[in-house]
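Both ligands and their constituent atoms are indexed starting at 1 by order of listing. Atoms considered below: every heavy atom in the structure, side chains included; atoms not considered: hydrogens, waters and symmetry mates.
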Amino acid sequence: MDILLGLQWGDEGKGKVVDFLAPQYEVVARFQGGPNAGHTLVFDAVKHVLHQIPSGIFRPQTQNVIGNGVIIDPIVMKKEIEKLLAQGIEVRQNLYFSKKAHLILPTHRLLDAAQETAKGVQKIGSTLKGISPTYQDKIGRNGLRIGDILLPNFKQLYQEKKAQHLKILTEFYQHDLSSLESEEQAFFEALDFLKTFQLVDSEYLLFEAQKNKKRILAEGAQGTLLDIDFGSYPFVTSSNTTASGACSGLGVAPRHIEEVFGIFKAYCTRVGSGPFPTELDDEVGEAIREKGQEFGATTGRKRRCGWLDLPALLYAIQLNGVTQLLMMKADVLSGFEQIKICTHYQLPDGTKTQEVPYDLVQTPVSPQYQTFEGWGELHADKIQHFDDLPKTLQAYIRFIEEATQTPITLVSYGAKRTDTLLRQKLAETV
Ligand code: IMP
């Protein structure tokens, strides 16, 4: 199994790369997260956004698995599937749900809103899709799984969970419940719809795939710096977004991991609250946002933008055991005279480090930059090989490769499938 995951705060462009690599894999599997994700793919001049479905769904030969580590909102899922069916995509045959994936209930979404509001200025900036309360119930051994919808007493189990949630929502948060009735109706309609799909013990599907030497690609969501353990806690999501999450979120043993593709943007973005050392709260940041169209695929929120953060990238590479780096959105930096990379952090006591401190909120760091000469516009018809890239972009890439001791095997310079330079090692691996 190969793993592909984001090395920053999400939104690195995983959807485009999975779609690009999917023909080389028989199985593409999501292992964590839920509808907080938004994977954008552009082909045949149409933009597609996937939230919960693996990005291999557009390739008719690929089996797509939603693993046990994922959490599913049936209402969002139904809409997502219906959109794909309307486009003639083979969803019924090619999509498999792990019965062990947990369900996001309508009350989980209300709890998410109530908990965020209660945090006030300390709020996480959650996508409000019910992620944290659903994972809380999973870990609290109090959740409902998608396999449970096949049980004759599912409605009763649902009512029991709902009653617990309502107690918290009314007594503790005094939260508005006016939307609940219509949400519940949509929820049960969506469950009836999902019952007609393939609900399986997906770990067995993957055991079988491994036995038959089928190639599996595990597709991460969010990014390493949002990992529940290693991200900028508490400003993180509620799952393990790092490589180990692929094992627990799919039931694939660690010894089966082969390549780990780490995706990063040529700069950084972050959506939601929390520390962001290289953030550019100025016209340069604004220019990156406009040029890169850095607005959330799920919430439409403005993404915060900044220069590439090498200490954070080094941390992510080590946590995930990245074997190949894939650099996205090189075109967004076209036209800048100067481009910077943060090579070190300076700590409040004046010392320099490349380590990410325990708590970036309590230990604000001052980024130390190295400046690079910019590059001009990049055109697909002129780029076949690395040597066709502008010299200044080549220098930027080489610097990152040397600093991380990891090859950059794919350079993406536009949203389309064709705006992609594949370098030797990746070409050999896939
Ligand atoms: P949650 O996962 O919705 O609870 O949100 C927790 C934090 O992760 C917030 O700062 C979100 O903005 C961020 N987040 C969650 N999913 C994504 C994603 O797919 N891309 C980027 N940020 C995300």
Can you list the atoms of ligand 1 that are under 4.0 Å from a heavy atom of W9?
21 (C), 22 (N)

Kindly confirm or rule out an N or O of R270 lying under 3.5 angstrom from an N or O of ligand 1.
no

Below 3.5 angstrom, do we get any N/O pair linking L128 and ligand 1?
no

What's the shortest distance from atom 22 (N) of ligand 1 to any protein heavy atom, and which residue and atom give it?
V271 CG1, 3.3 Å

Atom 2 (O) of ligand 1 [closest protein heavy-atom partner, distance rounded to 0.1 Å]
T237 OG1, 2.6 Å

N/O to N/O below 3.5 Å, does that happen between V236 and ligand 1?
no

Give me the residue, atom name and distance of the protein heavy atom closest to atom 5 (O) of ligand 1.
S126 CA, 3.4 Å

Check whether F197 forms a cation-pi arrangement with R92 (NZ or CZ under 6.0 Å from the six-membered ring centre, at most 45° off the ring normal).
yes

Can you list the steps and then say if E183 with K162 is a salt bridge (charged side-chain N to carboxylate O under 4.0 Å, His left out)?
CA-CA 13 Å; E183 291 277 307; K162 178 183 154 188; over 6 Å; no

Before accepting this row, confirm whether a basic side-chain N of the pair E80/K83 lies closer than 4.0 Å to the acidic partner's carboxylate O.
no

What do you reckon, does D112 have a nitrogen or oxygen under 3.5 Å from a nitrogen or oxygen of ligand 1?
no

What protein heavy atom lies closest to atom 3 (O) of ligand 1? Include the residue and the distance to one decimal.
T127 OG1, 2.5 Å

Could you tell me whether D192 and K195 have a side-chain N and a carboxylate O separated by less than 4.0 Å?
yes

Can you tell me which portion of N36 lies within the under-4.0 Å heavy-atom range of ligand 1? Options are side chain, backbone, both, or neither.
both

Does K78, at its NZ atom, have more than 12 non-hydrogen atoms belonging to other residues, nucleotides or ligands within less than 6.0 Å?
yes

Are the side chain of N64 and the backbone of T62 linked by a donor-acceptor contact shorter than 3.5 Å?
yes

Report yes or no: does S239 contribute a side-chain atom to a donor-acceptor pair with the main-chain N or O of T241 at less than 3.5 Å?
no

Distance under 4.0 Å to a non-hydrogen atom of L226: what atoms of ligand 1 satisfy this?
8 (O), 13 (C), 14 (N), 22 (N), 23 (C)

Which residue holds the protein heavy atom closest to atom 20 (N) of ligand 1, what is that atom called, and what is the gap in Å?
D11 OD1, 3.1 Å

Going by the closest heavy atom to atom 11 (C) of ligand 1, which one wins out of G6, A37, G125?
G125

Does Y369 have more than 12 heavy atoms from other residues, nucleotides or ligands lying within 6.0 Å of its OH?
yes

SB check D2 R215 (cutoff 4.0 Å)
yes

Report yes or no: does a heavy atom of K129 sit under 4.0 Å from some atom of ligand 1?
no

Protein heavy-atom partner closest to atom 17 (C) of ligand 1 - residue, atom, separation in Å
Q222 CG, 3.5 Å

List every atom of ligand 1 that sits less than 4.0 Å from any heavy atom of R301, numbering the atoms from 1 in the order shown and giving each element.
11 (C), 12 (O)

Within a 6.0 Å radius of atom CD on E286, are there more than 12 heavy atoms belonging to other residues, nucleotides or ligands?
yes

